[in-house]
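Quick notes on the structure that follows.
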2 protein chains.
Amino acid sequence: MEFSELLRSEGQSMTLGKGEHVFRQGEGDKSFYYVRSGLLKAFYVSDDGKEFIKSFIVPGDFIGCMTSAYLGGTCAFGLLCLAPTQLDRIPFERLYWHSRADLELAHFFIDRLLQLAMKKERREYEFLCLSAEARYRALVESAPTLLEQVTQNDLARYLGLTPVGLSRIKRRIHGG
Amino acid sequence: MEFSELLRSEGQSMTLGKGEHVFRQGEGDKSFYYVRSGLLKAFYVSDDGKEFIKSFIVPGDFIGCMTSAYLGGTCAFGLLCLAPTQLDRIPFERLYWHSRADLELAHFFIDRLLQLAMKKERREYEFLCLSAEARYRALVESAPTLLEQVTQNDLARYLGLTPVGLSRIKRRIHGG
DNA sequence: ATGGAATTTTAACCTCGGTTAACGCCCCCC
DNA sequence: GGGGGGCGTTAACCGAGGTTAAAATTCCAT
């Protein structure tokens with residue numbers, strides 16, 4: 001079975017506006033979401049109210065909270081639309097269950113997970129080995145279109161900085 | 001087919017001493033390794049010679065460089081034994097190939113990848129949201145046995161600090 | 001046991017980015 | 001058109017951790 005077929009048969013379409021939550025940190029949400037269009041952010045909020053952006057999610061991406069869906073706990077992060085967004089929702093359990101019985105779907109799942117693991121490995125590399133300034137430079141190189149879609153605030157919190165810090169770095173690089 | 005069976009039929013056992021490399025950064029190595037016993041570190045070396053430790057690998061872990069094995073490039077990091085180590089080596093291509101035709105193996109692979117993704121997600125969380133001191137505290141909590149097996153130097157480079165910085169943090173926490 | 005190397009600690013100085021606060025800008029809504 | 005709130009920038013001050021160097025300690029290997 002193809003993944004798109006599974007979405008048709010067991011998925012559910014959703015349309016959300018800018019600013020709407022898909023799920024919140026601390027809730028239980030055992031679904032996975034395929035992004036048809038729009039833009040979202042996945043983010044942590046610390047005890048003292050600070051926000052940290054885990055990732056931006058763009059069309060074609062596949063997202064859900066594994067600690068909730070796979071382990072059965074609560075969501076470690078929240079998911080919010082930064083623009084009007086169309087999603088296909090599917091219970092993780094259905095995807096997991098079908099992949100146990102269907103080689104094509106299992107293979108699709110494996111490829112997706114390999115890509116996810118490589119993406120996270122790269123982010124690990126950037127936090128481990130690069131300075132904040134170097135992380136910003138790398139992002140400008142690798143995802144220039146993203147810079148036009150998200151605010152400076154969100155960009156900073158994705159890079160592990162404050163907006164003030166990012167503004168300073170930009171001045172250092174671009175302006176004299 | 002069970003994974004252990006695949007290892008028996010297509011894997012190859014290796015015994016390495018402390019200080020030996022499994023593969024080096026920049027090489028091509030398309031194998032994956034199952035760790036029977038021992039301890040290893042996976043690490044990056046920057047252009048100016050600084051070392052950054054990506055992860056420690058312990059018995060039961062499964063490790064290989066995806067960018068080399070899956071994408072066909074060169075290894076983004078190196079892998080070195082910190083203690084005498086026994087490994088089972090298997091070409092990634094064989095594991096991937098069999099998982100396309102064998103549901104049990106595919107399922108094993110999916111579970112491993114989900115666990116890997118969650119592990120990397122947690123490390124991302126720690127770099128994104130925690131200070132160096134908080135990362136050290138979290139490690140003391142979650143992996144106390146590791147602290148006895150690796151040097152302070154390697155621990156620091158795993159936490160994204162210098163040995164000097166880690167020593168200072170320890171004094172701040174433990175000693176007055 | 002002993003000499004040498006690696007590891008860990010300490011100290012002095014410095015840099016980067018956090019914090020707070022003020023200011024200007026833009027957008028949007030009333 | 002006017003007011004308010006989010007966003008981006010700037011400035012002043014501060015603190016965590018980097019860098020360098022030297023001393024103290026531990027670990028081995030001969």
Side-chain angles (χ1 to χ4, degrees), chain A residues 17-21 39 41 43-53 56 80-84 126-140 146-176, chain B residues 17-21 39 41 43-53 56 80-84 126-140 146-176:
Chain A
K18 177 175 174 175
E20 285 194 82
H21 289 263
L39 179 67
K41 66 177 174 184
F43 63 104
Y44 300 99
V45 178
S46 66
D47 294 338
D48 55 341
K50 285 185 195 133
E51 179 181 326
F52 302 89
I53 297 182
F56 296 106
L80 176 84
C81 300
L82 297 178
E126 291 179 351
F127 276 124
L128 183 63
C129 305
L130 303 184
S131 67
E133 177 173 333
R135 288 199 298 276
Y136 172 68
R137 286 179 188 277
L139 190 66
V140 171
L146 190 67
L147 303 200
E148 297 157 17
Q149 294 177 269
V150 306
T151 66
Q152 220 55 227
N153 273 359
D154 279 349
L155 211 56
R157 294 191 249 269
Y158 172 73
L159 291 169
L161 309 158
T162 61
V164 178
L166 177 54
S167 175
R168 210 156 22 200
I169 286 173
K170 281 174 57 186
R171 174 161 38 115
R172 216 156 61 206
I173 293 180
H174 304 112
Chain B
K18 177 175 173 175
E20 286 195 82
H21 289 263
L39 179 67
K41 66 176 174 185
F43 63 104
Y44 300 99
V45 179
S46 66
D47 295 339
D48 53 341
K50 284 184 195 133
E51 178 181 326
F52 302 89
I53 297 181
F56 297 106
L80 176 85
C81 299
L82 296 178
E126 291 179 350
F127 276 123
L128 183 62
C129 305
L130 303 184
S131 68
E133 177 174 333
R135 289 198 297 276
Y136 172 67
R137 286 180 188 277
L139 190 66
V140 171
L146 190 66
L147 303 200
E148 296 157 17
Q149 295 177 270
V150 307
T151 66
Q152 218 59 223
N153 273 357
D154 279 349
L155 210 57
R157 292 191 249 270
Y158 172 75
L159 291 169
L161 303 163
T162 59
V164 179
L166 178 55
S167 174
R168 209 157 19 200
I169 285 172
K170 279 174 58 187
R171 175 164 35 120
R172 217 157 58 208
I173 293 180
H174 303 114

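Order of the sequence lines fixes the chain letters, A, B, ..., with proteins taken first and strands second; residue numbering starts at 1 for each chain.
- Put simply, CG on B/Leu147 is 12 Å from P on C/dT8, counting in whole angstrom units.
- Judged as a ring pair (Phe, Tyr, Trp, His ring centres under 6.0 Å), and not counting sequence neighbours, A/Phe52 has no contacts.
- In this structure, B/Glu148 atom CD and C/dT8 atom C1' are separated by 17 Å, rounded to whole Å.
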What string of B, S and - do you get for nucleotides 8-27 of chain D, 5' to 3', if B is base contact, S is sugar-phosphate-only contact and - is no contact with any protein heavy atom under 4.0 Å? SSBBB----BBBB-------

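- Residues A/Leu82 and A/Thr151 form no side-chain contact, since every pair of their non-hydrogen atoms from C-beta on lies 4.5 Å or further apart.
- Note that CG of A/Leu146 and CG of A/Asp154 are 10.0 Å apart. Values are rounded to the nearest 0.5 Å.
- Side-chain contact check for A/Tyr136 versus A/Leu161: every heavy-atom pair is 4.5 Å or farther apart.
- One distance of note links CG of A/Leu155 with OG of A/Ser167; it measures 12.0 Å at 0.5 Å rounding.
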